[in-house]
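First up is the structure itself, then whatever we jot down about it.
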Amino acid sequence: MQNLLDLLNPEQIAAVTLPSQSALILAGAGSGKTRVLTTRIAWLMKTGQIAPDGVLAVTFTNKAAREVVSRVNSLIPFDAHSMWIGTFHGLCHRLLRTHYRDAALPPSFHILDVPAQLSLIKRLLKRHGIHEEHYPPRDILHHINRAKEKGLRAGDEAGSDDYSRGLSEVYALYEAQCQREGAVDFAELLLRSYELLSRNQPLRTHYQTRFRHILVDEFQDTNDLQYRWLRLIAESGAAIFAVGDDDQSIYAFRGANVGNMFAFQQDFRVQHIIRLEQNYRSHGNILSAANELIAHNSNRLGKNLYTDAALGEPVRVMALASDWEEAQYLVEEVRQLARDGIALRDMAILYRANAQSRVIEHAFFGANIPYRVHGGLRFFERVEIRHAMAYLQLMDNPHNDSAFLRVVNFPSRGIGLRSIEQLQACAQQHDVSLYAAIPLLPGRPGKALQAFFSLIEEMRAALHTLPLPRVVEEVIGQSALKAHYQSEKGGADRVENLAQLSGAAALFLAEENIPQDTPALFVARAQAESAPASGVPGEGVSDTYSVEVSPLAAFLTHASLESGEGQAVEGEDALQMMTVHSAKGLEFSVVFITGLEEGLFPHENSAGEEKGLEEERRLMYVAITRARHRLYLSYAQTRSLHGSMRYHIRSRFLGELPASAMQWSKKSNDNAVAYQPSQSASLPVQQAAALPHAEWRIGETVRHPKFGEGVIVRLEGWGSNNPSAHIHFGRQGTKQLDLTVAKLEHAG
DNA sequence: GTTCCACGCGTTTTT
DNA sequence: CGCGTGGAAC
């Protein structure tokens, strides 16, 4: 027990060992927030206050959830499946799968992502003769999502004017269609499970009794519905351990409500507020820049970071003539840093908007410096993957109209608009899915349509015998997707991605501990009828998950809930480029914050009102606190944006930083003297040897002389720094192999 | 039924 | 400037 707390400071220990009451932990940037959260869970278990299945821990991203699982596991080994650790959406999904009947959902319900939502809305508008100019699909989508986040169903949310009545009508149509198709969108996952628990008393009591401790990460990012969901589960006296930082609230634009932190203190009569203010990440000058900036915000819960670290270097501010010169400047600095031995992956270039990355990428591409842009198109968002996934969705449930429409004529097989309109009319008339309507068509279905029907039928027949990765291969082959992209001019990448999809499926099976040769439609019923936990009220409630879910269905869910950022090519040592938003939660030795200009950062759309400006300032605060040792701030006088040239003055945020911590320079046009990149001798050097094993890919199948074939689940270490691979060898389990020693071959 | 060009639009984003 | 959508021509 003692050793659990050994590495913590007094405030952290106080937080970890709080009594079983609701508490608010105000955790500043770099103050060891995740460590406190995970140690709290381990401490609760170690002191016998709770069993693993009594813990509910909620995060916002899958990455954060995995981090919590693995860190708790390293503190105190437990059965990862017994504990409910996940994202709000993931946990709600689990709830709905387990109790789909009570939630009035079909067993095969599927998740609707944003593009699918939009296409559904467009279809409805067309069918009901509503013009998109009057009701833009994006606005409708926004309306529906916001309504659901407020807990409102169609009709409850109608305003008094014609327009909002119209919105409400479309909302009603949308709800009905989703119910018919068995489609559940992201907000619906939350709302549905909220309603399920609030209406079903035995179920509610069951979970309220089960979860005595609820831990919430990034509490400042919760929206109203998530907060109500938490309140409902904690209603009968569970303790909520809320960890958050109001100064890092940067998602108000998508419904996050920092006000929940204030509401939480009152609603739960919070007696313990603990501030974690010691920062373990940044040098002193960087930290005082952050502190002084954020002090310009009113409406804070109040917090001031301090550090034991030295002042370090001053924060460098650079003025440049144009965005192009800014990019050149970045290249020169990065080059120098790399020469001095700083690993590229330990440097990040941050910007406010994605559009800014173009010039910068161009410069680094020209300079031949490897870089990685985060937050671009993720694996499961690529068109070719979306098409393949639509076929897989039809394999699982051919009555999924959205999936059907996506691929019925892709690759083109001669099924045009006319045939589809006929089919839609027929389906509506008989009140069945498009797929089911094919045999019902008046006269006989066209040859092309009939062929498509047979294609789907045949492929579905194979599901009972073929394992998932093989099904994926069959689908992209037989649907002619692969052939289509092979014959397309720039299609090589797409073919490659399609090939990787079966690797992703294999990887998924490995991670879920499903044997690689399990048929895609095999349903594990072994645990389905297990008895409810003993002595728990809410009798007859079984909360065992994995009920009636096949590998295929599970994979589809995985793809919708997790967009696949992790699958990107890691491994190579590359400079990191991303928006400030996506940098949240990360840290780098060297950080460049670029485009510090009025109109860009703070952004012109937000600078108008105080609330918007304060969020921009928090965004800047997040950006600054990403840096460990060196921070660069830069701005340009001219910038080409949307094709035309714009003139900017420097950001007001630069004026809000402490002069004593800064070092200003400028590189003007009339200065012919070659610019001298800064010396970086004072920075801690981390060896940046090239990774000799970039040839290995996560998800790839490999062969090992002793263990046979396996799937790479994880790659670790760079260059000389113990590069290793975690490989899942079916029944022999997962092994961690040293890549410099292991004799591996590419397989499959 | 398919392909191609013109038009419009352009914070931030996870699930 | 560069993308995605949608209408119009092959």
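Residue numbering restarts at 1 for every chain, and letters A, B, ... go by the order of the sequence lines.
At the phosphate of dC1(C), neither OP1 nor OP2 sits under 4.0 Å from any side-chain N or O atom of Ser644(A). Look at Arg378(A) and you'll find a side-chain N or O under 4.0 angstrom from OP1 or OP2 of dT14(B). Look at Asn145(A) and you won't find any side-chain N or O under 4.0 angstrom from OP1 or OP2 of dT15(B). Distances shown here put a side-chain N or O of Ser419(A) below 4.0 Å from the OP1 or OP2 atom of dG1(B). Between Asn354(A) and dT13(B), a side-chain N or O to OP1/OP2 separation shorter than 4.0 Å is present. Contact between the side-chain N/O atoms of Asn605(A) and the OP1/OP2 oxygens of dT12(B) is not found at any separation under 4.0 Å.
Judged by ring centres under 5.5 Å apart and planes tilted less than 30 degrees, His581(A) fails to stack against the six-membered base ring of dT12(B).
Sequence order on DNA chain B of the closest nucleotides to Glu615(A) and Ile415(A) puts Ile415(A) first from the 5' end. Of the two residues near DNA chain B, Phe186(A) and Leu619(A), the one whose nearest nucleotide lies more 5' is Leu619(A).
In this structure, Phe219(A) has its ring center closer than 6.0 angstrom to the ring center of Phe264(A). Aromatic ring centres of Phe653(A) and His296(A) lie farther apart than the 6.0 Å criterion allows.
Rounded to an integer number of Å, the gap from His374(A) NE2 to dT13(B) P is 13 Å. Between the P atom of dT12(B) and the CG atom of Leu600(A) lies a distance of 11 Å, rounded to the nearest Å. Note: CZ (Arg618(A)) to P (dT12(B)) measures 18 Å, nearest angstrom. For Glu604(A) and dG10(B), the CD to P distance is 12 Å, given to the nearest whole Å. Atom pair Arg254(A):CZ and dT11(B):P shows a separation of 18 Å (rounding to whole Å applied). Glu149(A) has its CD atom 15 Å from the P atom of dT14(B), to the nearest Å. As rounded to whole Å, 17 Å separates atom P of dG1(B) from atom CZ of Phe410(A). Atom-to-atom, CZ of Arg138(A) to P of dT12(B) comes out at 12 Å; the value is rounded to the nearest Å.
Checking dT12(B), dT15(B), dT11(B) against every side-chain atom of Thr579(A), the shortest atom distance belongs to dT12(B). Candidate nucleotides dG1(B), dT14(B), dT2(B) were compared by shortest atom distance to the side chain of Arg418(A), and dG1(B) ranks first. The nucleotide whose nearest atom lies closest to any side-chain atom of Ala353(A) is, among dT14(B), dT12(B), dG10(B), dT12(B). Distances were taken from every side-chain heavy atom of Glu616(A) (C-beta onward) to each of dT11(B), dT15(B), dT13(B); the shortest belongs to dT11(B). Between dT11(B), dT14(B), dT2(B), one nucleotide has an atom nearer to the side chain of His642(A) than all others, and that is dT11(B).
Using a 4.0 Å heavy-atom cutoff across all strands shown, Asn62(A) reaches sugar-phosphate atoms only and no base atom. Residue contacts for Arg358(A): at a heavy-atom cut-off of 4.0 Å it reaches the sugar-phosphate backbone alone, with no base atom in range. Within 4.0 Å of Val114(A), counting heavy atoms only, lies at least one base atom of the nucleic acid. Ser582(A) comes within 4.0 angstrom of sugar-phosphate atoms only, judged by non-hydrogen atoms across all strands, and of no base. Residue-level contact check: Leu417(A) touches the backbone only, with heavy atoms under 4.0 Å from sugar-phosphate atoms and none from bases. Phe88(A) comes within contact range of no nucleotide atom at all, as no heavy-atom separation falls under 4.0 Å. If you check every strand for non-hydrogen atoms under 4.0 Å, Phe60(A) touches sugar and phosphate atoms only. Using a 4.0 Å heavy-atom distance criterion, Glu132(A) is classed as a sugar-phosphate-only contact.
With Glu598(A) as the partner, the salt bridge (Lys or Arg N to Asp or Glu O under 4.0 Å) test is satisfied by one option alone out of Arg652(A), Arg639(A), Arg352(A): Arg652(A).
Annotation for Asn397(A) and Glu181(A): closest pair ND2-O, 4.3 Å, computed over non-hydrogen atoms.
Under the 4.5 Å side-chain criterion, counting only non-hydrogen atoms from C-beta, Arg153(A) is in contact with Glu195(A). Contact of the Val549(A) side chain with the Thr557(A) side chain is not registered, since no non-hydrogen atoms from C-beta on lie closer than 4.5 Å. Looking at heavy atoms from C-beta onward, Phe404(A) lies in side-chain contact with Ile438(A) at the 4.5 angstrom threshold.
In this structure, dT12(B) shows a glycosidic angle more than 90 degrees from zero, which is the anti conformation.
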